[in-house]
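Reading through the structure tokens given below for one structure.
Naming convention: chains lettered A, B, ... in sequence-line order (proteins, then strands); numbering from 1 in each chain.
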2 protein chains.
Amino acid sequence: MSPQEVAQEPAHTPRRSKITPERAQEFYAAVLDMLRESGYEALTMEGVAARTRCGKSTLYRQWGSKPELVVAALHGTRQALLPHIDTGSLAGDLREAARSIGAGSGRDTPLVHALSHAALQSPELLCALREVLIAPGLAAIDAMVRRGVERGEIRPDNPAAEFVSAQLLGVMRARPLLEGKNADEAYLTRFVENAILPSLGLSAPAH
Amino acid sequence: MSPQEVAQEPAHTPRRSKITPERAQEFYAAVLDMLRESGYEALTMEGVAARTRCGKSTLYRQWGSKPELVVAALHGTRQALLPHIDTGSLAGDLREAARSIGAGSGRDTPLVHALSHAALQSPELLCALREVLIAPGLAAIDAMVRRGVERGEIRPDNPAAEFVSAQLLGVMRARPLLEGKNADEAYLTRFVENAILPSLGLSAPAH
DNA sequence: GCGTATCGGTACACTGGCGTATCGAAGGAC
DNA sequence: GTCCTTCGATACGCCAGTGTACCGATACGC
């Protein structure tokens, strides 16, 4: 708690910490990079200290412990992974979402991958993971579907609607395991075009 | 290597090990259980020894190290998770697969979950994971699709066909993260019915 | 039955990470 | 310019897990 306040307030209250917000971002970036590379368990405070060229004491002074540091890193680097998408049609939105997710897949997929198991042991971590990586994507996709309903493109009770987000995020996580490569833009675009849209009844199956 | 030979050959060569095949299965079951519960990193040789009421020395004598034990446990408990499914139609096969996967989801999903990250660091583990848990499911589903093509239910170039397995396995892994509960039989069945089949053009979208 | 090798159990070094304590140095407040 | 706090760095104690060594007991081969 206290560290974020300190690190995120540019100036205002007589700031005690010498960690500038930019410096904090360096810490956070290092943490997330190391998470992506080696996972949560292999992430060590010593490693973070070495990579950021600071003392362990600084890390413990500011964040208290490894789980808190990781949670702070997640929250501190919130970046809209699905930026405002509103193309005017559900199909367009989903295509654009596939593009956007695919473009960022090298960044977010490994993160989710690295944290998804560790999160089961720690409620705080699970909460941060959902809040930062899962919920925004989920909300964005659900919003697209909702707008699609409002525009009358699909019916409110379209039975495939509830699966759209699970399909997108699921396939994104499944492909590395199945085929050994990340779900990139091209793959996700094909997926939306050939699987999701037809399931919603939004494009005539090509046969 | 040597331990499996010993444990899996009932008799034949003057067996040195006193570990009967049944006893070996107990070890393997304990390992997989603990993997499901706590993940790969948290699995300790001491824990396995304690749960199976054996000495650590036995584990090290037989399997050499923790990664080897895990690999052996995977290979040693090969069980067809998708038993021969052949209902005569692709839709029937997929519905049956959903049922079967859903019924076993409490068993296999956590395993994949626990190993999928650890596998990225160890080629042997990745290989075993694919061979035992991924490939059989993949092959089974692809076989269904292939039979569907041969029967003429879908065209060979059906663009949604390539995504069937990724969707099933992906959704199975995504739901715990999205909704906090396992993809059970009911959910997967609805998913197949309302998303996969329509995407294949196998059921008229309900609207 | 007897020898032998493995079993289960414990004790032991060794490693590596966590978190704390302590230190000189540096930079901002005033 | 002085004071004071935090910084970076290092050393330390502690704990947990790995893998080895050793033990008496036990069950199998013959």
For D/dT6, which nucleotide is its Watson-Crick or G-U wobble mate, given both distances must be under 3.5 Å?
C/dA25
Contact class for A/L59 (heavy atom, under 4.0 Å): base, sugar-phosphate, or nothing?
nothing
Name the closest nucleotide to the B/Y60 side chain, picking from D/dA21, D/dT18, D/dC7.
D/dT18
Charged N-O contact under 4.0 Å between B/R99 and B/D93:
no
Looking at B/Y60, I'd like to know if the NZ or CZ of B/K66 sits under 6.0 Å from its six-membered ring centre while staying within 45 degrees of the ring's axis.
no
I'd like to know if B/K56 reaches the base of D/dG19 with its side chain, counting only an N/O donor and acceptor under 3.5 Å.
yes
Along DNA chain D (nearest heavy atom to each residue), the more 5'-positioned of A/C54 and A/E46
A/C54
Residue met sooner reading DNA chain C from 5', once B/A49 and A/S57 are mapped to nucleotides
B/A49
Taking the side chain as every heavy atom from C-beta outward, state whether A/F191 and A/Q167 have any atom pair closer than 4.5 Å.
yes
Quick one: label B/R61 by what it contacts on the DNA or RNA (base, sugar-phosphate, nothing), any heavy atom closer than 4.0 Å.
base
So what does B/T58 hit on the nucleic acid, given a heavy-atom distance under 4.0 Å: a base, only sugar-phosphate, or nothing?
base
Decide yes or no, distance alone: a donor-acceptor N/O pair under 3.5 angstrom between the base of C/dG16 and the side-chain of A/T44.
no
Is there a side-chain polar atom (N or O) of A/Q62 under 4.0 Å from OP1 or OP2 of D/dC7?
yes
Nearest-nucleotide pick for A/K66, side chain only, options being D/dA9, C/dC18, C/dT6:
C/dC18
Identify which nucleotide among D/dT18, C/dA26, D/dC22 has an atom closest to any side-chain atom of A/K18, counting heavy atoms from C-beta outward.
C/dA26
D/dG29 -> Watson-Crick or G-U wobble partner, both distances under 3.5 Å, gives C/dC2
